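Inspection log for the structure reproduced underneath, given as structure tokens.
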Amino acid sequence: MHIYDSVQKTKVLFEPIKQGEASIYVCGPTVYDDAHLGHARSSLAFDLLSRTLKALGYKVTMGKNFTDIDDKIIKKVEETGKSMQEITTFYIDRYLEEMAALGVQRADIEPKATESLQAIEDMIQTLIDKDMAYVIFTGDVYFDTSKDSHYGEISHRVSEDEDSLSRVEHTSEKRNPKDFALWKACKGKEDICFEAPFSSGRPGWHIECSAMIEKYFEKEHGNGKYSIDIHGGGADLLFPHHENEAAQSRCATGHELAKYWMHNGFVQIDGEKMSKSLGNSFFLKDALKVYDGEVLRYYLNSVHYRNNFNFNEEDLQTAKKRLDKLYRLKKRVSPGKASAVNKDFKKALLDAMGDDLNISIALSIIDVMIADTNDAFDKEAKNKALKKETLANIEFIDSLLGFGGKEPFEFFQIGISQEEKANIESLITERSEAKKEKDFARSDAIRDELIAMGISIMDTADGTVWEKA
RNA sequence: GGAACCAUCGCCAAGUUGGUAAGGCCGCAGCCUGCAAAGCUGCUAUUCGCCGGUUCGAGUCCGGCUGGUUCCUCCA
């Protein structure tokens, strides 16, 4: 398996800390609002990574955190009058539900900041004790970036002279402009605070991930040199978030946080990064109202994870057409029992995905398989061995890439109610009778009626089948 | 202002170590069909933003230019 390491800025051979195992930690969402398409893409990208490593035989341990202490959450508490926990559990549940709809496998470890406070405090205290962090008069604790000679190596940021041009505001209490908060002391009585030796307050964002990785991964997955194999997240997290994480962990523990760093590209709308401030964010829940989760998954995963992704409806329809072809083939070989997956096909897919998740190649291999198989069935409709192998191939696609697992006839009927279904069936029966009597005017009229309803029909050797367009 | 990444057919999009352009959508022709749809077959970039350079040979390496995006501030 080769992966692109964003720190080394090149594709490298993945050599895990522990033979045959892979530990991955991905920065999860701050749970103060619904997930948008960007969260989906990140989640999907690392789901693909996890599935690929599993298919290659690695024992994967996936961690994804929930940041459930944060300024934005507190703001939401103030706005809504609800408790912090009410808000965070609500959005965590929503997040998990929506990711499940996209076929994202659950992480093995899902730590929350609120459940890791001791680990966070311990790490901050260690840094203070080592004089790598300092408490200012307000009770805030800052990390002293000047004490870490490796600071900047993750994001390749030159430290010189940055302050003169930087847009970062200078806080006089900070020793260095780039020092960042490990702990924020509470400001008022209504503020949400946790007691700690240094002050009553709450953790800064960066320290959460470091402490959680240390707490949940280091012992079982680390080797004294690294805590985890791969640390992932969106490209915007590289700096400052991951730089800061790496610095804290390095200074507090004496070893590096992660052996490899991977970052996914953005979802863009009309060529611009999707974000709330731009007012162009697209909630996943809204997309899921209109499109099937599996189609969204296929679409969002159809472009290499490191590239930016320009979301638009036309491309989504194209993606759906491509997925449809797989399901039409599945219809052709269903129902039945799967035999063994074709070895060459499996190897080709694994080779593609093993090359830094080259999904484009993987999808093209699938397209070719579909065409070849259809061709073979056109020539020999009752090739039982091929039917079984095709079912196995599709099962493999589902396990590796997370699509193609549905019952094929149902796939084409998503969103159709029972009454509509009955109506469609009776129209088709009527049309078949008209056809039998060679009343083509009547049968074509019925077909037009169905098309007007958004239903397309196909006459096959086994009778007429229909699909929602 | 500083830094990084990207620029391939009408659209989407692959293309480690330079060796002569995957796949999908759309389109055209054909097979199949009562006609369609679906499926299949064939065709569709002498060319990879522009200009130079290195080389027997460059989409792939080097330099410059132009255009786009991102990061430097919360952010997937």
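Fair warning: this is a prediction, and the values are worked out from it, not measured in the lab. What you see below is based on every heavy atom in this structure, not just the backbone, and it leaves out hydrogens, waters and symmetry mates.
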- Message: Between P on B:rG15 and OH on A:Tyr4, what's the gap in Å once rounded to a whole number?
- Response: 13 Å
- Query: Tell me: CD of A:Gln268 to P of B:rU69, nearest whole Å?
  - Reply: 8 Å
- Does the pair A:Arg442/A:Glu437 count as a salt bridge with the N-to-O cut at 4.0 Å? no
- Take atom C1' in B:rG2 and the same atom in B:rU46, then report the distance between them in whole Å. 42 Å
- Query: With rounding to whole Å, what would you report as the distance between B:rC48 and B:rG10 at their P atoms?
  - Reply: 13 Å
- Query: Taking the same atom, C1', in B:rA21 and in B:rC32, what whole-Å distance lies between them?
  - Reply: 33 Å
- Note on the structure: Whole-Å distance, A:Asp355 CG to B:rA22 P, equals 18 Å
- Message: Looking at A:Asn342 and A:Phe345, would you say the former's side chain and the latter's main chain have a donor-acceptor pair under 3.5 Å?
- Response: yes
- Item | Length of the line joining A:Trp261:CH2 and B:rA76:P, which is rounded to integer Å | 16 Å
- For residues 289-296 of chain A, which residues have at least one heavy atom under 4.0 Å from RNA chain B? none
- Integer angstrom distance from the C1' of B:rG57 to that of B:rU47: 16 Å
- Remember a base hit wins even if backbone is also touched, and classify A:Lys9 as base, sugar-phosphate or nothing at under 4.0 Å, heavy atoms. sugar-phosphate
- Query: Aromatic ring centroids of A:Tyr25 and A:Tyr216 under 6.0 Å?
  - Reply: no
- Checking N1-N3 plus N6-O4 or O6-N4 for Watson-Crick, or N1-O2 and O6-N3 for wobble, each under 3.5 Å, the partner of B:rU47 is none
- Message: Can you tell me the base-pairing partner of B:rG52? Count Watson-Crick or G-U wobble geometry only, both distances below 3.5 Å, and say none if there is no partner.
- Response: B:rC62
- Any strand, both distances under 3.5 Å, Watson-Crick or G-U wobble: B:rC25 pairs with B:rG10
- Message: Under 4.0 Å, counting only non-hydrogen atoms across every strand here, what does A:Ser443 touch: a base, just sugar-phosphate, or nothing?
- Response: base
- Query: How far, in whole Å, is B:rC31 from B:rU69 if one measures between their C1' atoms?
  - Reply: 46 Å
- Begin with the C-alpha distance, continue with both residues' side-chain angles, and end with the deciding distance and a verdict on side chain to side chain donor-acceptor pair (under 3.5 Å) for A:Arg332 and A:Asn374. CA-CA 9 Å; A:Arg332 232 175 150 167; A:Asn374 273 319; 2.7 Å; yes
- Message: Ring of A:Phe412, cation from A:Lys331 - is the NZ or CZ under 6.0 Å from the centre and inside 45° of the axis?
- Response: yes
- If each of A:Arg306 and A:Asp367 is mapped to the nucleotide of RNA chain B with the nearest heavy atom, which maps nearer the 5' terminus, i.e. the 5' end? A:Arg306
- Between CG of A:Asp372 and P of B:rG23 the distance, given in whole Å, is 11 Å
- When the P atoms of B:rU16 and B:rC62 are considered, how many whole Å apart are they? 14 Å
- Note on the structure: Rounded to whole Å, CG of A:Leu329 lies from C1' of B:rG24 at a distance of 16 Å
- Message: Taking the ring centre of each residue, are A:Tyr299 and A:Phe309 less than 6.0 Å apart?
- Response: yes
- Note on the structure: A:Arg94 meets the salt bridge (Lys or Arg N to Asp or Glu O under 4.0 Å) criterion, sequence neighbours left out, with A:Asp34, A:Glu98
- NZ or CZ of A:Arg322 within 45° of A:Tyr298 ring axis and under 6.0 Å: no
- Of the listed B:rC72, B:rA76, B:rC25, the closest approach to the A:Thr318 side chain comes from B:rC25
- Message: Taking 5.5 Å and 30° as the limits, would you call A:Phe266 and the base of B:rA76 a stacked pair?
- Response: no
- Query: Which part of the nucleic acid, if any, lies within reach of A:Val267 when heavy atoms closer than 4.0 Å are counted: base, sugar-phosphate only, or nothing?
  - Reply: base
- Is the ring centre of A:His36 less than 6.0 Å from the ring centre of A:Phe282? no
- Message: Can you check the distance between B:rG59 and B:rU17, where both ends of the measurement are the P atom (answer in whole Å)?
- Response: 13 Å
- Message: Any salt bridge linking A:Lys379 with A:Asp375? Criterion: basic side-chain nitrogen under 4.0 Å from a carboxylate oxygen.
- Response: yes
Polar atoms only, N or O, under 3.5 Å: list the protein pairs with nucleotides 7-14 of chain B and their distances.
unit_1 : atom_1 : unit_2   : atom_2 : d
B:rA13 : O2'    : A:Ser360 : OG     : 3.0
B:rA14 : OP1    : A:Asn307 : OD1    : 2.8
B:rA14 : O5'    : A:Ser360 : OG     : 3.2
B:rA14 : O3'    : A:Asn358 : ND2    : 3.2

- Ionic contact status for A:Arg431 with A:Asp459, cut-off 4.0 Å: yes
- Write down the partner of B:rA3 under the Watson-Crick or G-U wobble criteria, each distance required to be under 3.5 Å. B:rU70
- Query: Is any side-chain N of the basic residue among A:Lys325 and A:Asp367 closer than 4.0 Å to the acidic one's carboxylate O?
  - Reply: no
- Could you check how far CE of A:Met369 sits from C1' of B:rC40, rounded to whole Å? 16 Å
- When all nucleic acid strands are considered with a 4.0 Å heavy-atom cut-off, which category describes A:Gly234: base, sugar-phosphate, or nothing? sugar-phosphate
- Round to the nearest Å and state the distance from A:Phe311 atom CZ to B:rU69 atom P. 20 Å
- Can you check whether any acceptor in the base of B:rC25 is under 3.5 Å from a donor in the side chain of A:Lys321, or vice versa? no
- Message: Both distances below 3.5 Å, Watson-Crick or wobble geometry, any strand: find the nucleotide opposite B:rC40.
- Response: B:rG30
- Can a salt bridge be assigned to the pair A:Asp144 and A:Arg175 using a cut-off of 4.0 Å between side-chain N and carboxylate O? yes
- Separation between the P atoms of B:rG64 and B:rA4, rounded to whole Å: 12 Å
- Which heavy atom in A:Asp229 sits nearest to a heavy atom in A:Pro16, and how many Å separate them? OD1-CA, 3.3 Å
- Task: Kindly write out the residues that satisfy salt bridge (Lys or Arg N to Asp or Glu O under 4.0 Å) with A:Asp292, not counting sequence neighbours, or none if the list is empty.
- Result: A:Lys406
- Task: Mind running side chain to side chain donor-acceptor pair (under 3.5 Å) on A:Ser210 and A:Ser249 for me, showing each step along the way?
- Result: CA-CA 6 Å; A:Ser210 288; A:Ser249 292; 3.1 Å; yes
- Which listed nucleotide (B:rG23, B:rA76, B:rG2) is nearest to the side chain of A:Arg157? B:rG2
- Got a sec? Which of residues 40-51 of chain A come in under 4.0 Å of RNA chain B, heavy atoms? A:Ser42
- Query: Under the 3.5 angstrom rule, does the side chain of A:Ser43 hit a backbone N or O of A:Ala40 as a donor-acceptor pair?
  - Reply: no
Restricting to nitrogen or oxygen on both sides, can you table the protein-nucleotides 36-39 of chain B pairs closer than 3.5 Å?
unit_1 : atom_1 : unit_2   : atom_2 : d
B:rA36 : N1     : A:Asp459 : N      : 3.3
B:rA36 : N1     : A:Asp459 : OD2    : 3.4
B:rA36 : N3     : A:Arg447 : NH1    : 3.0
B:rA37 : N1     : A:Asp459 : O      : 3.4
B:rA38 : O3'    : A:Arg328 : NH1    : 3.3
B:rG39 : OP1    : A:Arg328 : NH1    : 3.3
B:rG39 : O3'    : A:Asn374 : ND2    : 3.2
B:rG39 : O2'    : A:Asp378 : OD2    : 3.0

